Amino acid sequence: MNMKKWSTMGLAASMVLVAAGCGKTAAPAETTKPAATTAPTAAATTASAAPTAAAAKKLTGDFEIQYFVGGYGDKWWKKVIADFQAANPDLKIKESAGPKINEQMKPRWIAGTPPDFVYIDGPELFDRQMVTDGQLEDLTEWIKDAKNVDGDKIMDLLAQKPQEFDGKIYNVPFVMSSWGIFYDKALFKEKAWAEPKDFEEFLAVSEKIKGAGINPFIHTGKYPYYINGAVLFPAIVSANNNDYKLLQDMSTNNLEAWKNPAIIKGLNKIVQLRDKGFIDKASVQINHTDSQSLFLQHKDAFIPNGLWLPNEMAKDVPASFDFGFIPSITQDKGGKVVANTSTATFAIAKKAKNKDAAKAFMQFVFSKTQASQWAELSGAPSNVKGDISSSKAPNFVKDAAKFLSSPDTVVVPTVSFAADVDKAMQDASVALTIGTITPEEWVKRVTDVVAKQKK
């Protein structure tokens with residue numbers, strides 16, 4: 001399967017759905033409450049009338065959905081759950097939701113009394129760890145031929161295919177995003193600074209930015225997965241001759257993969273930024289919203305982030321601000337851009353009490369109608385392929401779509417690591433940015449954890 005082809009074609013098409021990006025924080029949503037029942041909507045009516053196995057089988061009993069509420073908000077969730085409830089009036093749906101829901105629900109997952117359906121996004125949830133711990137239902141055989149409520153095969157609709165864990169599928173990506181570097185086009189135009197096309201140009205323009213009294217680069221040191229996702233991982237792929245399989249091998253705790261010199265080469269790109277004084281010293285312990293605020297105030301010119309950034313900071317964006325987006329800046333001159341994608345996925349608990357309802361809900365949400373509503377209500381691209389006009393898309397989305405549809409871009413399928421390994425990489429990256437460890441020590445720190453995972 002050509003993952004780049006699937007990701008590029010589908011993601012570029014789905015990008016144009018976006019009216020604004022999405023983020024990680026939002027106003028709290030009430031936790032564990034029954035879903036509101038509303039009159040059937042057009043979507044619900046269509047869904048309930050569809051001639052599918054899910055629609056033909058009457059769903060009853062209790063059905064619990066766990067979903068994290070972050071920068072994507074919960075408007076779509078309220079809508080889709082109400083639609084699903086209207087289509088299945090005999091089902092008792094319970095929502096367990098909120099910005100801290102993953103942490104709150106952890107004891108239930110450990111105790112073996114999880115919800116039926118889970119949205120894997122936000123802190124405290126790691127799909128690979130959940131698979132390792134035997135918490136997720138094996139969907140491999142079911143998803144092969146599963147159809148949505150319109151009768152379309154779900155697998156045929158996906159821009160990015162599900163990640164496989166030892167050849168098996170446990171979760172299906174619904175939300176699509178991409179890591180990258182943001183800057184303000186308006187500021188760059190005013191200062192006559194050129195958008196960098198490679199690492200050499202990035203260093204050159206950063207020198208000019210520093211000379212103008214602005215910090216060239218800030219990242220969120222409290223959550224170092226931002227700099228890893230937007231800078232380090234693309235740098236490793238570039239250093240590995242644009243082959244992202246190395247990242248995939250690293251994620252499976254393959255110790256031989258961790259010896260690949262491309263990792264050191266990628267880490268050295270961060271070292272160059274550090275040694276040239278381009279990284280804002282405030283980055284060390286700052287959180288995502290504070291770093292983004294400094295960026296919007298032009299205290300810093302570049303910030304590594306995901307496509308949710310503009311929506312997350314919508315209330316604080318200056319009127320003149322024009323978001324520019326570059327998937328990667330660490331490629332050598334003449335090298336391809338590397339877009340490291342990120343997804344949020346849906347899964348069913350292995351110990352779910354109502355697996356019939358969970359599978360029916362999966363079939364319900366993966367319709368083109370619900371994917372379109374997701375884009376409208378969350379301001380984020382979905383993983384369901386579609387051909388929707390980009391005329392109203394903001395500039396940063398057009399930039400992302402342009403990159404992701406280009407043959408000169410390497411589109412990296414989402415790669416996830418075990419929780420302990422991911423934490424080790426994050427901690428090591430912070431230490432590297434402040435100069436307390438070397439790239440070799442970064443690798444040693446992480447591989448020590450990888451080796452423990454292998455035991």
Side-chain angles (χ1 to χ4, degrees), residues 28-69 72-98 101 104-105 108 113-121 136-137 139 142-143 145-154 157 171-172 174-175 344-378 382-384:
E30 184 179 344
T31 302
T32 58
K33 58 185 179 182
T37 302
T38 63
T41 62
T45 303
T46 300
S48 60
T52 64
K57 186 169 184 177
K58 186 177 181 179
L59 298 175
T60 60
D62 297 327
F63 174 50
E64 185 178 5
I65 302 169
Q66 175 183 332
Y67 64 88
F68 168 75
V69 181
Y72 299 137
D74 64 358
K75 289 182 180 178
W76 178 82
W77 284 102
K78 298 298 183 186
K79 180 69 166 58
V80 73
I81 290 173
D83 287 351
F84 189 65
Q85 178 72 82
N88 300 278
D90 295 323
L91 199 61
K92 292 178 63 178
I93 303 177
K94 178 181 180 181
E95 298 175 51
S96 293
I101 193 61
Q104 293 164 351
M105 295 289 281
R108 286 185 50 191
T113 58
D116 302 291
F117 188 94
V118 61
Y119 169 55
I120 303 179
D121 188 24
L136 301 182
E137 179 79 353
L139 301 176
W142 178 78
I143 197 65
D145 299 309
K147 295 180 179 180
N148 67 11
V149 290
D150 301 317
D152 300 320
K153 284 186 66 173
I154 293 174
L157 295 174
N171 54 327
V172 187
F174 181 75
V175 185
T345 63
F346 293 153
I348 297 171
K350 186 173 184 178
K351 294 187 177 181
K353 291 187 169 108
N354 199 338
K355 291 183 182 179
D356 286 342
K359 288 180 178 178
F361 188 64
M362 186 85 79
Q363 292 169 294
F364 191 85
V365 295
F366 275 102
S367 68
K368 290 182 180 179
T369 296
Q370 291 302 336
S372 179
Q373 288 186 357
W374 167 267
E376 293 171 5
L377 298 176
S378 74
S382 81
N383 189 42
V384 176

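Each residue takes its place number in the sequence, starting with 1. A quick note: this is a predicted structure, and the numbers were derived from the prediction, not measured.
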*Exercise: identify the closest heavy-atom pair between Pro114 and Ala349*: CG-CB, 3.6 Å
*Quick one: side chain to side chain donor-acceptor pair (under 3.5 Å) partners of Asp145, sequence neighbours excluded?*
none
*asked:* Let's go through Gln373 and Trp76 carefully: what are the C-alpha distance in whole Å and the side-chain angles of both, what is the deciding distance for side-chain contact (heavy atoms from CB on, under 4.5 Å) to 0.1 Å, and is it a yes or a no?
replied: CA-CA 7 Å; Gln373 288 186 357; Trp76 178 82; 4.1 Å; yes
*State the CG-CG distance between Asn148 and Leu157, to the nearest 0.5 angstrom.*
5.5 Å
*How would you list, by chain and number, every residue that makes a side chain to side chain donor-acceptor pair (under 3.5 Å) with Asp152, sequence neighbours excluded?*
none
_Evaluate Asp116 against Lys353 for side-chain contact (heavy atoms from CB on, under 4.5 Å), listing each step before the verdict._
CA-CA 6 Å; Asp116 302 291; Lys353 291 187 169 108; 4.0 Å; yes
*Out of Val118, Ile120, Ile81, which residue meets the side chain to side chain contact (heavy atoms under 4.5 Å, CB included) rule with Tyr67?*
Ile81
_Restricting to side chain to side chain donor-acceptor pair (under 3.5 Å), what partner residues turn up for Lys355, sequence neighbours left out?_
Glu137
*Where do Gly61 and Asn354 come nearest, in terms of heavy atoms and distance?*
C-ND2, 4.2 Å
*Looking at NZ of Lys359 and CG of Leu59, how far apart are the two atoms once the value is rounded to the nearest 0.5 Å?*
12.5 Å
*Start with the C-alpha distance between Lys350 and Leu136, add both sets of side-chain angles, then the distance that settles side-chain contact (heavy atoms from CB on, under 4.5 Å), and finish with yes or no.*
CA-CA 5 Å; Lys350 186 173 184 178; Leu136 301 182; 5.7 Å; no
_Using salt bridge (charged side-chain N to carboxylate O under 4.0 Å, His left out), reason through Glu95 and Lys78 one step at a time and then give a plain yes or no._
CA-CA 9 Å; Glu95 298 175 51; Lys78 298 298 183 186; 2.9 Å; yes
*asked:* Please find the pair of heavy atoms, one from Ala87 and one from Phe364, that lie closest to each other, and give the distance.
replied: CB-CE1, 4.5 Å
*Taking only residues two or more places apart in sequence or in another chain, which ones pass ring pair (Phe, Tyr, Trp, His ring centres under 6.0 Å) with Tyr119?*
Trp77, Phe346
*asked:* Assess the residue pair Glu64 and Lys92 against the criterion (salt bridge (charged side-chain N to carboxylate O under 4.0 Å, His left out)); give the C-alpha distance rounded to whole Å, side-chain angles, the decisive distance to 0.1 Å, and a yes or no.
replied: CA-CA 8 Å; Glu64 185 178 5; Lys92 292 178 63 178; over 6 Å; no
*Where do Val69 and Ala97 come nearest, in terms of heavy atoms and distance?*
CG2-CB, 4.2 Å
*Between Asp121 and Val175, is any pair of side-chain heavy atoms under 4.5 Å apart?*
no
*Residue list, side chain to side chain donor-acceptor pair (under 3.5 Å) with Asn171, at least two apart or on another chain*: Asp127, Thr345
*If you measure from CZ on Phe174 to CG on Asn383, what distance do you get to the nearest 0.5 Å?*
9.0 Å
*What is the distance from atom CE of Met362 to atom CD1 of Ile348, rounded to the nearest 0.5 Å?*
4.5 Å
*Do you know which two heavy atoms are closest between Arg108 and Pro115, and how far apart they sit?*
NH2-N, 3.8 Å
*Please assess Lys368 against Val384 for the test side-chain contact (heavy atoms from CB on, under 4.5 Å), listing each intermediate value before the final yes or no.*
CA-CA 7 Å; Lys368 290 182 180 179; Val384 176; 4.2 Å; yes
*Distance (rounded to the nearest 0.5 Å) between Ile101 CD1 and Phe68 CZ*: 11.0 Å
*Spacing of Ile93 atom CD1 and Ile65 atom CD1 [to the nearest 0.5 Å]*: 5.5 Å
*Given the side-chain rings of Trp374 and Phe366, with only the six-membered ring counted for Trp, is the space between their centroids under 6.0 Å?*
no
_Can a donor-acceptor pair be found, under 3.5 Å and without considering hydrogens, that links the side chain of Asn88 to the backbone of Leu91?_
no
*For Gln370 and Asp83, work out which heavy atoms get closest and say how close.*
NE2-OD2, 3.4 Å
*Is it true that Asp90 and Lys58 make a salt bridge, defined as a side-chain N closer than 4.0 Å to a carboxylate O?*
yes
